[in-house]
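The next block holds one structure in the form of structure tokens; read it before the comments.
Because only heavy atoms are used, hydrogens play no part in the values below, and waters and symmetry mates are left out as well, while side chains stay in.
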Amino acid sequence: MSTVRNPLTGWAERELVPATPAELAGMAAELRVRADGWRRADRKEVLTAFAAALASDDDLLAALVADTGRVGESSLERRLAAGLVGRWAREASALLAPRAPAASSVPGIVVGGDMVPYDLVGVISPWNFPLLMALIDAAPALAAGCSVLVKPSEVAPRFIEPLMRLVPPELPLSLVEGDGETGAALVGMVDAVVFTGSVETGRRVAEAAARAFVPAFLELGGKDPAIVLAGADLDRATSAILWGGTANAGQSCQSIERVYVERGVHDAFLDLLASKAARVGLTCEGGPIGPIVRPGHGRVIAAQLADATAKGAIVHTGGQIERHGGGRWCRPTVLSQVTHEMRVMTEETFGPLLPVMAVAGAEEAVALANDSVYGLSAAVFAASEQDAMEVAARLRVGAVSVNDASLTALVHEGEKDSFGLSGLGRSRMGAASIRRFLRRRAFLVNRSPAADPWWHPLEKE
């Protein structure tokens, strides 16, 4: 049986208590029964009340801190989660308005339609932002009129109990504690599944969904590049990239994980970035960088660092996994003299490493940025917005932050699709997010005055 560990101490605090297959099936069946009544309810009112409860509950915040070992990001996470639930409460009705009948290409035939929500949506969410990642898909599905069953990561399950206490009785939302087996069983019980996590597990979810003949929406890994060109504001660029690469200790899919800097400004950029990074401390010292949350992941980061330094990379700050109070930590680590022969430039790190590579100019930067199996997001800094936009338009990623970094963590209105192995299915951002959970139904009405129109030829002989 899996254990739930404290990321600050490394100690096992309790055993995970996964739902049994019978319990999971019972929860799914109950939620299905509730779906019809939920569609007739005042969803805006219920979701608005839920958002207000999320925004102010201290028990929920304490559980998030216990799950992740961080404070600042957990407070921001709670605020963002409450905001997104409130946004869907406000915007759903306009997005779900039925299509007005319109003339078709065939005279006398008009086409209208409506949208039919899935009865039950399953969400398998990750540990890095437990609350936000559970609700970023559940909220639009609920607003669409679906019931939702969420299986959060077994690494961070403490928030489930305080969150369920906040769920209004009318809201058909349940969260279930469980492990990989629980998630696998969930796929066969729902009408659509959303998964956020690794490429490896995402493939298994997609295969299981295909066997169950249900759609799967996958948000997977990333290796986000940042490009800094001559003429960019280096103070702004270094601060943004430092935040984008080390917030949540780099444990975010949209973290900046590689930086390409035009040679003429490379040294100045590197010196400034390293100077700023060296001043960012760990939370156990009163700083903002939290612990490595997932057990064993410190070995992944350490292996990438060892590979890079063995191949000639220079460490300017950080550079090792530290142990404090039993937990594992990594300081913001700035590297130079890196190449694409190093794992740190090609494999997802999920840690606060910022490898910086000098390039001749925009052409080389774009080529290297696109040299990846991933294509989640990116960042571009240039002398002007127009220059940055010209580069952004050439990047094979779903979203580009211009003159900033990792903005998709804060701004959820920008509709985007993932490239490469970073995901599959329609955007979880923007209006497309809610439409993932609806099937379109067309009404084709014959308003022709003719009793026997021309397309009924069988009796005309």
Point to revise | N-O pairing of Asp58 and Arg78 below 4.0 Å | key: yes
Review point. Is Arg343 paired with Asp307 through a side-chain N to carboxylate O contact shorter than 4.0 Å?
Key: no
Review point. Taking NZ, NE, NH1 and NH2 as the nitrogens, is one of them in Glu154 or Arg294 under 4.0 Å from a carboxylate oxygen of the other?
Key: no
Review point. Do the charged groups of Lys276 and Asp235 touch, with an N to O distance under 4.0 Å?
Key: yes
Check your understanding: Any side-chain donor paired with an acceptor under 3.5 Å for Thr346 and His340?
Key -> no
Exercise for review: May I ask you to say whether Glu161 pairs ionically with Arg165, meaning some side-chain N is under 4.0 Å from a carboxylate O?
Suggested key: yes
Review point. Is the shortest side-chain N to carboxylate O distance from Arg436 to Glu415 below 4.0 Å?
Key: no
Exercise for review: Could you list the residues that satisfy side-chain hydrogen bond (donor to acceptor under 3.5 Å, both in side chains) with Asp271, not counting sequence neighbours?
Suggested key: none
**Study point:** Presence of salt bridge, Glu177 and Lys151, under 4.0 angstrom
**Key:** no
Check your understanding: Of the options Leu96, Leu142, Thr48, which is the one that meets Arg43 in a side-chain contact (heavy atoms from CB on, under 4.5 Å)?
Key -> Leu96
Study note, to complete from the structure: For Pro117, the side-chain contact (heavy atoms from CB on, under 4.5 Å) test, sequence neighbours excluded, returns Arg39, Cys146, Leu438
Identify all side-chain donor-acceptor contacts of residues 180-190 below 3.5 Å with residues at least two apart in sequence or on another chain.
residue, atom, partner, partner atom, Å
Thr182, OG1, Asp179, N, 3.1
Thr182, OG1, Asp179, OD1, 3.2

Check your understanding: Just wondering, are more than 12 heavy atoms of other shown residues or ligands nearer than 6.0 Å to CZ in Arg203?
Key -> no
